[in-house]
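One-based numbering, in listed order, for ligands and for the atoms of each. Residues take their numbers from the sequence shown, with the count starting at 1.
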Amino acid sequence: MKPKNIVYILVLIFFILACKKEVTQLFEGFQKPSNFPEPVYKFQNNNITKAGFDLGRKLFFDPMLSVDNTISCGSCHIPTSAFTQHGHSVSHGINDLLGTRNSPPIMNLAWSSSFMWDGGIADLDLQPIAPITNHVEMGETMSNVLLKLKNKTEYAQLFKAAFGSEEVTNIKMLKALSQFMLMCVSAESKYDSVMRKQQTFTTDEKAGYLLFQNKCNSCHKEPLFTDNNFRNNGL
Ligand code: HEC
Ligand code: HEC
C-alpha cells in the first residue's frame, strides 16, 4: 500500500473513533439547570444511566403495556405536544374508551413531590401502575405485562444492560420508566435563558413578567411555575 493511502486510512480511523467518542459523551445523565432548585426525586435509589434511560424510553412507547397491545404511555403523552394528548378534552385509552381527565405534560417531574391533577400519587416510581391497570387507559395487570416482556427476547438484553441482570421485574421496569421521564427537563425557554443571564426580555416581555410577578407568582412560583399545591380555582 502507498504511504499516502495509509495516511488516508489513519485519518479515517481517527474520525471514526472521534465520532464514536462524541456519541458516548452525548448522554450526560440528569443535569440540574443552574436556575432550578435541588430536585426532590431520590436519585440515590435510581441512578440514571444511558442504558436505563434507553430501556425506559422503549417501555414508554411500547403498546405491549396495554391489554390489547394498542396503547402505549406515549399514546396519551405525545412528545410533540409536551407529552400531553392534544385535540381531546379527556384522554382516550383502549377501545377508544374515555377517561375523566386529560394527560398532564411529562416534564420537570424530578421537582414534583406529588403526581396527577389531584396529587393522588406520591411516588413517581409507582405512578405507571395507575395507567397500566386503569380499565379505560391500558386495562392490563402488572403480572401480565411482566409475562409479555419476558417473552419478548430483546428485553432480556436491555434489562441486563440497564440493571446488570437479564431478570425482568416490575421494579426494574418502573425504575426504567422513571429514568426516561425524569430526563424530560424543560429549561430552555426564553424565560430560562433570561434567568441565566444569557438573553434579555424585550420591553413587552418585561412588562408581562412584572405583571406575572405581581398577579400570578403567588401560586405559579418561579422557576417551575408551580408551588406544587392544590387549589380550587373554580374551573
Ligand atoms: C389513556 C391515556 C393515558 C395513558 C395510556 C397513560 N397516561 Fe399517564 N396520564 C394520563 C392522565 C389522564 C393523567 C392524569 C390522571 C389524573 O390526574 O388522575 C396522567 C398522568 C400521568 C403522570 C403524572 C404527571 C404529573 O405531572 O402529575 C405521569 C408521570 C404519567 N401519567 C405517566 C404515564 C406512564 C409512565 C404511562 C405508561 C405506563 C402512562 N402515563 C400512560 C393519561 C394516560
Ligand atoms: C390562587 C392561585 C393562582 C393564581 C394567583 C393564579 N393561578 Fe393560574 N392556576 C392555578 C391553579 C390551581 C391552576 C390549575 C387549574 C386546574 O387545572 O384545575 C392554574 C392553571 C393555570 C394555567 C393552565 C396551566 C396548564 O398547564 O393547563 C395557566 C396558563 C395559568 N394558570 C396562568 C395564570 C396566570 C397568567 C395568572 C396570573 C394572572 C395565574 N395563573 C394566577 C392557580 C393560580
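Between Lys215 and ligand 2, no N or O atom pair is found at a separation short of 3.5 Å. Taking only nitrogen or oxygen atoms, main chain and side chain alike, Trp117 reaches within less than 3.5 Å of ligand 1.
Cation-pi contact between Lys58 and Tyr155: present, with separation from the ring centre below 6.0 Å and deviation from the ring axis of at most 45°.
Distances below 4.0 Å separate heavy atoms of Arg231 from the following atoms of ligand 2: 1 (C), 2 (C), 12 (C). Every atom of ligand 2 with a heavy atom of Ser218 under 4.0 Å away is listed here by number and element: 5 (C).
Asp62 and Ser72 form no side-chain donor-acceptor contact under 3.5 Å, judged by distance and modelled atom types alone. Asp204 and Thr202 share no side-chain donor-acceptor pair at under 3.5 Å.
The nearest non-hydrogen atom to atom 22 (C) of ligand 1, considering only Met138, Glu137, Gln127, comes from Gln127. Considering only non-hydrogen atoms, atom 11 (C) of ligand 1 lies nearest to Ser103 out of Ser114, Ser112, Ser66, Ser103. The residue from Gly99, Gly120, Pro104, Gly139 that puts a heavy atom closest to atom 20 (C) of ligand 1 is Pro104.
Taking a 4.0 Å cut-off on heavy atoms, Ser72 registers as neighbouring ligand 1. Ligand 1 is approached by His92 to a heavy-atom distance shorter than 4.0 Å. Under the 4.0 angstrom criterion for non-hydrogen atoms, Leu124 is in contact with ligand 1.
When the options Tyr41, Phe225, Phe36 are evaluated for a ring pair (Phe, Tyr, Trp, His ring centres under 6.0 Å) with Trp111, the one that passes is Phe36.
Not one N, O or S atom of Cys219 sits under 2.8 Å from atom 8 (Fe) of ligand 2. For atom 8 (Fe) of ligand 1, the N/O/S atoms of Cys76 include none lying under 2.8 Å.
Side chain of Asn108 to backbone of Ser186: a donor-acceptor contact under 3.5 angstrom is found.
In this structure, Phe60 and Phe83 have perpendicular ring planes: the angle between them is above 60°, well past the 30° mark.
Checking atom 15 (C) of ligand 2 against the protein gives a heavy-atom contact under 4.0 Å. Under the 4.0 angstrom criterion, atom 24 (C) of ligand 2 counts as lacking any protein heavy-atom contact. Distance check for atom 9 (N) of ligand 2: a protein heavy atom is found below 4.0 Å.
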